[in-house]
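Working notes for the structure below.
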Protein chains: 2
Amino acid sequence: MSDIPKSHPRYKSLVTRKQLADYALAGVVSMEGLTSHGRGEAFDYLIGEKTPAAALEAEKLAARVLLAANHPVLSINGNTAALAAAEIADLQNAADCEVEVNLFHRTEERIEKVTAVLAEAGVTVSTGPVERCVPLPHDRGLCRPDGIGSADVVLVPLEDGDRCEALVGMGKIVITVDLNPLDRTSKTATIPIIDEVTRALPNIAAECRRLRAAGEKPEMPASFDGKYFLKGAVDAISETLTHALD
Amino acid sequence: MSDIPKSHPRYKSLVTRKQLADYALAGVVSMEGLTSHGRGEAFDYLIGEKTPAAALEAEKLAARVLLAANHPVLSINGNTAALAAAEIADLQNAADCEVEVNLFHRTEERIEKVTAVLAEAGVTVSTGPVERCVPLPHDRGLCRPDGIGSADVVLVPLEDGDRCEALVGMGKIVITVDLNPLDRTSKTATIPIIDEVTRALPNIAAECRRLRAAGEKPEMPASFDGKYFLKGAVDAISETLTHALD
């Protein structure tokens, strides 16, 4: 593998890609996870590689919802752990919630590896027996009955659309972090955050801390307008496209 | 690695991703190539997963330019070989041009593996000593002096922006195939084809065959308007976005 020249205009993006590639070789990130990351990169480029105003609103709402929840759980996969282990530890601390590892390409070995990456960064990972709590074929329905299985709010970055829909179908409030506003994950989530995960999680954590410091105990909203956040992201992309060929 | 359920709405996309992952494990595709594929997937989704009208125009123009060239070369990397080896063989036949392997993450081992994948599909791959013909740092400047080094027209799918710019700077006519119309590759190419590679190459080959069958011997155009093709792609994306949240 050749070195990445610092002179390359996309140096930062290439370095992140290389880090994920190393995690893939170590078995933390799946091969398919690398491709998913690429899709995210494309959409991040299109939203301007910064948090759109609507995404910041979604992140602040997510913080209120996490604090209002009875049993909030962060559902973490390989890509999220590889990209944002420190940010997950910080959010767990700020929102006081459980962290459970959930993989699309699930093997016990990968569960252990992802758990180790998180633990290394200071995350307290809930472990224990899993059952098919989520109505999905194969291993994708597995989770801990006393974790995601009984959560009222699940924050699940970089989730598959199928599973997001199934979690919503179980009556849970599902907060997603995904850069594609047109993905079924974003379209079916209760609160779709269209932002890059290492920008989104710190914003949620900061709002949790602000609310706590202000002594606020948020109430759970009676309803949500996920489409508002999707529209904000689509508008950000349209804005980028308008000036793209100037 | 779990099986991909056929019931998944993105089954085809997941299967292609799995194929590329297998090629990555075999050392044909680089880990970073998987991420690049993901970026392409995102833009393909946005252009509607079909050839936009402007892309078809670009493909027909590319065919004329390949037939008008004195020394046309197809420059092929790991991803292109993994996705479209049969289509490359067919285009080489239709356009009667040389094929040279060129890798961003270049090692002799990967050059041999990519060459083997192409040869297996019936491509005649030009091999031999390389020199730093292209003014770029590291191994990315290497190519065959009597191949890409002396080509007047280079068709290079899924190319890095840096190298595309360097090839254009050498006075070559550079035809790219890339799904991102905002990428520097597309912006600096002489003829940017904004289409998926397994759709683009057969369209170019078909037009080569049509021109030959009609007895046409195209002349090299005096100038090119690459931006016209970029605008066509951006319009296609805007169209998708307009209806995305209906």
Side-chain angles (χ1 to χ4, degrees), chain A residues 1-5 7-10 13-14 16-18 20-25 29-43 45-46 103-107 110 136-140 160-162 179-184 187 227 230-231 234-235 237-238 240-242 244-245, chain B residues 1-5 7-10 13-14 16-18 20-25 29-43 45-46 103-107 110 136-140 160-162 179-184 187 227 230-231 234-235 237-238 240-242 244-245:
Chain A
M1 199 78 53
S2 48
D3 288 335
I4 298 161
S7 59
H8 197 286
R10 301 292 297 168
S13 164
L14 292 174
T16 302
R17 234 180 270 178
K18 177 76 170 70
L20 272 184
D22 289 343
Y23 271 117
L25 290 172
V29 165
S30 73
M31 293 286 151
E32 290 81 355
L34 295 180
T35 322
S36 301
H37 177 69
R39 293 205 294 178
E41 276 187 351
F43 280 100
Y45 181 85
L46 286 171
L103 306 179
F104 187 88
H105 298 282
R106 186 186 188 101
T107 64
R110 276 195 65 226
L136 280 176
H138 300 283
D139 293 348
R140 293 184 303 133
D160 172 65
D162 236 18
L179 281 153
N180 181 354
L182 312 183
D183 195 276
R184 215 154 43 94
K187 284 183 167 177
K227 201 164 175 178
L230 303 183
K231 195 173 171 312
V234 168
D235 288 348
I237 294 175
S238 297
T240 300
L241 290 175
T242 303
L245 301 179
Chain B
M1 200 78 54
S2 48
D3 287 334
I4 299 160
S7 58
H8 198 286
R10 300 292 299 167
S13 164
L14 292 173
T16 302
R17 235 181 268 178
K18 177 75 170 67
L20 271 184
D22 290 342
Y23 272 118
L25 290 171
V29 165
S30 72
M31 293 286 151
E32 290 81 354
L34 295 180
T35 322
S36 301
H37 177 68
R39 293 205 294 178
E41 276 186 352
F43 280 100
Y45 182 84
L46 287 171
L103 306 179
F104 186 88
H105 297 282
R106 185 187 188 99
T107 64
R110 276 195 65 226
L136 280 175
H138 300 283
D139 293 347
R140 294 184 303 132
D160 172 66
D162 236 19
L179 280 154
N180 181 354
L182 312 183
D183 195 275
R184 214 154 43 93
K187 284 183 165 176
K227 201 164 174 179
L230 303 183
K231 194 173 171 311
V234 168
D235 288 348
I237 295 175
S238 297
T240 299
L241 290 175
T242 303
L245 301 178

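Reminder, nothing fancy here: chain letters follow the sequence lines and each chain counts from 1. Keep in mind that this is a model prediction, so the values were computed, not measured.
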**Q.** Lys/Arg N to Asp/Glu carboxylate O, A:Glu41 vs B:Arg39, below 4.0 Å
**A.** yes
Q. Which distance, rounded to the nearest 0.5 Å, do you find between the CZ of B:Arg17 and the CG of A:Leu34?
A.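 Result: 11.0 Å between the selected atoms.
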Q.
For B:Val234, run the side-chain contact (heavy atoms from CB on, under 4.5 Å) check against A:Thr242, A:Leu241, A:Thr240 and tell me which one passes.
A.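 When A:Thr242, A:Leu241, A:Thr240 are each tested with B:Val234, the side-chain contact (heavy atoms from CB on, under 4.5 Å) holds only for A:Leu241.
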Q: With a 4.5 angstrom heavy-atom cut-off, could you sort out which part of B:Arg110 is near chain A: side chain, backbone, both or neither?
A: neither
**Q.** Side chain proximity check, B:Met31 to A:Met31, heavy atoms < 4.5 angstrom
**A.**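 When only atoms from C-beta onward are counted, A:Met31 and B:Met31 do touch, with a gap below 4.5 Å.
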Is chain B contacted by the side chain of [X], its backbone, both, or neither, given a heavy-atom distance below 4.5 Å?
X	result
A:Lys231	both
A:Ala244	both
A:Asp160	side chain

Q) Do you know which of A:Leu103, A:Ile237, A:Leu245, A:Asn180 has the most heavy-atom pairs under 4.5 Å to chain B? A)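 The candidate making the most pairs under 4.5 Å is A:Leu245.
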Q) Taking A:Leu20, A:Leu46, A:Leu179 one by one, which has the highest count of heavy-atom pairs under 4.5 Å against chain B? A)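 Of A:Leu20, A:Leu46, A:Leu179, A:Leu46 has the most heavy-atom pairs under 4.5 Å with chain B.
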